[in-house]
Amino acid sequence: MKLIMAVIKPFKLEEVREALTPLGVEGMTVSEVKGFGRQKGQAEIYRGAEYMVNFLPKVKLEIAVKDELVPQIVETIQKTAQTGKIGDGKVFVSQLEEAVRIRTGESGQDAL
Amino acid sequence: MKLIMAVIKPFKLEEVREALTPLGVEGMTVSEVKGFGRQKGQAEIYRGAEYMVNFLPKVKLEIAVKDELVPQIVETIQKTAQTGKIGDGKVFVSQLEEAVRIRTGESGQDAL
Amino acid sequence: MKLIMAVIKPFKLEEVREALTPLGVEGMTVSEVKGFGRQKGQAEIYRGAEYMVNFLPKVKLEIAVKDELVPQIVETIQKTAQTGKIGDGKVFVSQLEEAVRIRTGESGQDAL
Amino acid sequence: MKNMFHKCMKAAGRVRILAAAAVLLLLSGPAMAAVPDESQFIFNTFSFLVHGFLVMWMAAGFAMLEAGLVRTKNTTMQCLKNVGLFSIATIMYYVIGYNLMYNGVDKGFMGTIGLWGHDDSAALGGKFAGEGVTAYAASSDFFFQLVFVATAASIVSGTVAERIKLWGFLIFVVVLTGVIYPIQGAWQWGGGWLAEKGFADFAGSTLVHSVGGWAALTGAIILGARKGKYGADGSVRPMPGANLPLATLGTFILWLGWFGFNGGSQLTMGSAKDVIAIANIYITTNIAAAGGVVAAIVLTQIIYKKVDLTMALNGALAGLVSITAGPDSPSLGLALIIGAIGGVIVVVVVPLLDKFKIDDVVGAIPVHLCDGIWGTMAVPLSNGDAKFATQALGVAAIGGFVIVTSAIVWMVIKAVIGIRVSSEAEEMGLDMAECGMEAYPEFRGSQSI
Amino acid sequence: MKNMFHKCMKAAGRVRILAAAAVLLLLSGPAMAAVPDESQFIFNTFSFLVHGFLVMWMAAGFAMLEAGLVRTKNTTMQCLKNVGLFSIATIMYYVIGYNLMYNGVDKGFMGTIGLWGHDDSAALGGKFAGEGVTAYAASSDFFFQLVFVATAASIVSGTVAERIKLWGFLIFVVVLTGVIYPIQGAWQWGGGWLAEKGFADFAGSTLVHSVGGWAALTGAIILGARKGKYGADGSVRPMPGANLPLATLGTFILWLGWFGFNGGSQLTMGSAKDVIAIANIYITTNIAAAGGVVAAIVLTQIIYKKVDLTMALNGALAGLVSITAGPDSPSLGLALIIGAIGGVIVVVVVPLLDKFKIDDVVGAIPVHLCDGIWGTMAVPLSNGDAKFATQALGVAAIGGFVIVTSAIVWMVIKAVIGIRVSSEAEEMGLDMAECGMEAYPEFRGSQSI
Amino acid sequence: MKNMFHKCMKAAGRVRILAAAAVLLLLSGPAMAAVPDESQFIFNTFSFLVHGFLVMWMAAGFAMLEAGLVRTKNTTMQCLKNVGLFSIATIMYYVIGYNLMYNGVDKGFMGTIGLWGHDDSAALGGKFAGEGVTAYAASSDFFFQLVFVATAASIVSGTVAERIKLWGFLIFVVVLTGVIYPIQGAWQWGGGWLAEKGFADFAGSTLVHSVGGWAALTGAIILGARKGKYGADGSVRPMPGANLPLATLGTFILWLGWFGFNGGSQLTMGSAKDVIAIANIYITTNIAAAGGVVAAIVLTQIIYKKVDLTMALNGALAGLVSITAGPDSPSLGLALIIGAIGGVIVVVVVPLLDKFKIDDVVGAIPVHLCDGIWGTMAVPLSNGDAKFATQALGVAAIGGFVIVTSAIVWMVIKAVIGIRVSSEAEEMGLDMAECGMEAYPEFRGSQSI
Ligand SMILES: Nc1ncnc2c1ncn2[C@@H]1O[C@H](COP(=O)(O)OP(=O)(O)O)[C@@H](O)[C@H]1O
Ligand SMILES: Nc1ncnc2c1ncn2[C@@H]1O[C@H](COP(=O)(O)OP(=O)(O)O)[C@@H](O)[C@H]1O
Ligand SMILES: Nc1ncnc2c1ncn2[C@@H]1O[C@H](COP(=O)(O)OP(=O)(O)O)[C@@H](O)[C@H]1O
């Protein structure tokens, strides 16, 4: 099993989720994060003082999937989350050794 | 060392934490997340318009532990966090290559 | 590639970010978390009732980097985030199998 | 407010009678019962001031209601618009509005153009009654009229929230408060043709609330709905308000302010008759609001199996708007029913608007427009002098006028500087896009999850 | 409010005297000093209206205070309950409450049953004084009395928050505002048996605040504590309020409203004597609140080494409740002390209630019940007409009556439709469970971490 | 407020004239026009009470404004300071302040020391006019004066927020409200030397606002800036306010309260002349605020290409402070300009202070100090009796006095108990450090990201 972690622009979340369901992704865990990268935040002004916002709001998806699915999932995320503008985000893949479904105690791929 | 990542129902957090301490878990990092999965959010109504809440509030635990402890910890989390109702969550385990305690610079298992 | 995950004290974030840029870290993903560990929260009082705050606010950094950079990055984080006081946090390193830049589709190290 | 012109006559008239009564009493013995002219002048003026500051307070009510019902990313902007519109209304009404509405309308269609200025020479000369003498300080009347204008503008800002450009909106407010509102106001309260026809609108269900409602409706249609509010499949995606306690506070503020809105519209307080009328108005106003709330709570429970707070809040305002056209005549029981029906209308109309893809962020159209009409048509139920036909005429005439004029203004603004922000700006939120400032910078919030 | 009946007599009496005085003055020369009857009527009525809208504003104060002290997941519900209870109080007091409290009590235990309606024929006929003639507009009195009822109901909602069913609560409010409050009110302010005994409760430390407090206490006991509030080991798990600035706002609103609550309870303003009394009441009320705040700040600093804002806020209300039974008689210094002791009581009683596992979410019991009693017993300190024994009798009689009646009502509701939400609903929060609507949908919040 | 002493004379004087007028009228026929002395007494007193409770309400305005403009981690503390300072002001003004300011100043530098107590024997004896007789209830005057003191203290708390120790601040408030404010107040309103010189400050641009501003400025300098506010490189790191809707609410509350602040400062309402003056004051006050808002909106749009809500809010207060020294004399047009210039001053001065590394969290110095001075200097533009030189003298004298005295007090407190929290406490936030209580415990928030 692999753990796919994707950082995307917030407003792309729904789209990505919908695109993944047909591929058999039955679950995911999402968190609000702030991203720092090439994309520079706009210069803001507060009461006459200029300042840079370095961290931009992003959404992080964590999806555990069986190995076979990884390529198409990664590709689908990449395609769907893409706007072509800087700051679109990343997809990371890492190895997952075990997964357990708390409700049933099932483990391995059945837990996903 | 392994990194155990568990997604559980928010109100189970205290219970789980208390159950893990006796096993020698001296620390963990917790974040609020939203979960999407088999458990479907209830249909909500706002000013006469129905809509589905797809993402449900969950809590994510990240616990770095030495390998020996993994089995009982995973089992304890699974048992304690269980309500038997859909949406109880998951436990994931992955390999951890290194750990460092910032305060002391200790690394490896001593850092945990 | 490796994924470096660091849990630090919130007010150290800016410092750490600035220390990492010269090392060639071009991006990172940050989230607010709560930490439980040796550092015990102070006993709080609300309307005459004492209670312990077990979880303390921390910031989690996730940084994907190419293997060569790992040692100095980990060291830099450890040194910069250090206050010497209990609760400074941890740095964890794990293996990363793949990385993709959503905007361009680039993968591997070029994606970072 | 009843026609000021008639009112003055009336005041003057009454004063003479009381004076006479006084003299008699003074001669006959058991001592003066009447209120001296100057005391009357003070009572009338103070009534305008106290009730006026209550209505001014409604500006805060609208600001909080709207700030609570928009999403976090548009909250700073909503606050800004509300502070801005009140300021603009103040200035415009001084520069042109007041005289256009009240000066020399004389049964016609509008007054004169020019700065307003106060003249209290008569009163300062010790003259408190008689031809053309007003029984209150000029400025107190100006103050009371002024805060009504702002109300009409506040209604618009709620409906068009979360997508309209700041400057496009502010310019509309300039015209609405400086020209559109005063002209139609002249027809009735200025002593114009509509007043002649015998139209009855005590405190402004039509002149204030439906006017704001019509302007909001045209605006909403010309602007279009917020991005993603309506799915191609006709599905509705709710965009819940970010801070309901704030919306609740706003509603309570409006409720409080309404005692000034309706009570002060009695215009004088210098006699027992007047103050009794004001007292009656307070309680009909209060019970109408209560009726609207209870109706909304019960109805949402029945229809949706859950009680919708935002509907209950709208219900309070619905009751208030409904009673505003005639708070002086109905019994408590009737007032309760009028308010309750107002609440029902809101609960029914809110989803209806969504069917037509008319995106009204805070429900200002059902509350102020629909109930403004309902309230106006309900006046004859308790007020013998009012006729259904005349009421309908007034509603239609003013409705038509506001629809046409505001549509033109919206269109012109759209053509010249544009009224709608870019879809990126809408995505990002108006706060960052146009103010560069988050309303709640530390509260992690996003619509995304 | 003192017994209305006596009051009218008094008013009438005074008026005649003044009138006489006036005549003399008129003859003797330096011109009339007295206030004409009709002016008095206006002053009295306007006092009821102005002070009444201040008390109505307290409904917003309770709403904000409670919305700020509950957790986010129950905030929508708390707002809904407060809007709902004020509306229900309005309707019930009209339908049955007012007449039950004031109509023909005549030294007995209750008035008559029936809708309230206003009759100002005397005043409209130019008659302002004399047997049975009231010196104010009927509706203004009704309005002022009405907002007091709502206050009693607001007190209950805070204590039983976060676990009570919406409908169970609303039904209790129906009975409390329609029957329980009016009956005990009749005993004193309605001119009933307790007034005959010489009980003194100027503005309602007992009649309003302790009544709300007793109903809240019985409710809290019958409902039980919130899930997880008390550990088996007797440990207390605080559930901090989610929005303290809102609670602070609520307290300031209540503080402001209290000038109406106590000031208006002078009931008349038609003479220098009355307006002087009102002015004195304003400053004793204000300094008592200040005393409560300072006492709570100092005490929490000493006991806990940290100053507890929520206690300071409760302290302000404590001072206000404490002075309410007799704001007209004490010197500023005594008023300060009475308020300060009220503040001390709150700081001491809040943790005490936890010892008994009585879960009072906002501290309404210490503030309104304990200080309501304290304030009532403190009246004799400055008011010679008041006797400790009689004060105790009033406290006990009303306390007993409210405990028994409200316990019965709570029990019946519990048996018929249930008063407590399911433990899942409590877990999830009442907002999602009963309103399907989050108060702050975009602010990530949870009690879990 | 104009000099109380002069005022009484004036009142007395007017009364006699009116009386005479009355007699004439009574003989001549058309019946009494004049206001009976006792009615005047009631009008004057009620004006103090109504306008006084509006000013008291400003305490809530400052609390919300400041709570909205600090960061979440210091919000509980900011609320606590505001509740605390109002309470302290209440007590100190009773214990020493009032008499020090008004009792027997007699063209000198200060009054007497001792508790204040009310004496209404004259009025209760039916004497309403004549040497030394006041035309209003003593307590109503005390109440009105009192709430002004609190305003001055509120100004300070905003500037020194987020770093000052609770007790250090509260002790400063004790001295400010008990000694510093009353002494300089005695110079003018107490009928002291400055009044003799003909200084004009109708409602307190200098006596209240600049006094608070000077105290805030010295405090800010002695305290130093918040940690991390200014980079070594002179860069400014903004620390955005956490809750802008709350700041907006606070501004609306202040705007409302200002009608009481300026309107009530007419001091009497017992004649047409007075009530006309009050009405004029209401509208100049209102339009000045509007001018400040519009100026700030337009200017920030031009300079920064984005409209800054916090500047617009400051702009409203700027306009209000600017008109406060002379709201009675200017035309609406001039009032608009005076307010607009006030708004410009704020937009210009806010960044300027940052240049000097003077850290003013809420912008109280530009608003209350700079515009307090501007407003005072602007009086001669419309008030013939006022001279620029005298105005400058008053500004300088009071400024000098407050700078010196408050600097000494700040220094002493610093030396004895310290005024600044530890840098850890500042890091953690004052709420956890000194109150042990988060303002928004469930809203994840941090300045870190
Ligand atoms: N090395 C990295 N490790 C972890 N997250 C990263 C890394 N680089 C970028 N990110 C995340 O991806 C987001 C987008 O990256 P950015 O460089 O701004 O644009 P792009 O991916 O289009 O080049 C960042 O905001 C951050 O959240
Ligand atoms: N494939 C997955 N990857 C990551 N998180 C998942 C995955 N599937 C489920 N989750 C998390 O587990 C939670 C519970 O899963 P769900 O399918 O709803 O119930 P259950 O685990 O009882 O079958 C989800 O809300 C989500 O946070
Ligand atoms: N085993 C662990 N797994 C994951 N996170 C941990 C673990 N131990 C500690 N942490 C994180 O590191 C933070 C600091 O750890 P703590 O034990 O309190 O101090 P120190 O690291 O100085 O010994 C904790 O608040 C928690 O967020």
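So you know, we letter chains A, B, ... as the sequences are listed, proteins then strands, and number each from 1. Just the heavy atoms: all of them, side chains too, but no hydrogens, waters or symmetry mates, feed the values below.
- Using a 4.0 Å cut-off between charged nitrogen and carboxylate oxygen, Lys60(C) and Glu62(B) count as a salt-bridge pair.
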**Report entry** side chain to side chain contact (heavy atoms under 4.5 Å, CB included) evaluation trace for Arg17(B) with Asn54(C)
**Finding:** CA-CA 10 Å; Arg17(B) 208 198 87 253; Asn54(C) 291 316; 3.6 Å; yes
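- Annotation: residues 100-112 of chain B contacts chain C through Val100(B), Arg101(B), Ile102(B), Arg103(B), Thr104(B), Gly105(B), Ala111(B), Leu112(B) [non-hydrogen atoms, separation under 4.5 Å].
- For residues 85-94 of chain C, a heavy-atom distance under 4.5 Å to chain B picks out Lys85(C), Ile86(C), Gly87(C), Asp88(C), Gly89(C), Lys90(C), Val91(C), Phe92(C), Val93(C), Ser94(C), given by residue number.
- Scored by the side chain to side chain contact (heavy atoms under 4.5 Å, CB included) test, Glu18(C) finds Glu14(C) as partners (sequence neighbours excluded).
- Within residues 67-75 of chain B, no residue has any heavy atom closer than 4.5 Å to a heavy atom of chain C.
- Residues Gln95(B) and Gln95(C) are not in side-chain contact: their nearest non-hydrogen atoms beyond the backbone lie 4.5 Å or more apart.
- Atom CZ of residue Phe55(C) and atom CG of residue Leu13(B) lie 4.0 Å apart, to the nearest 0.5 angstrom.
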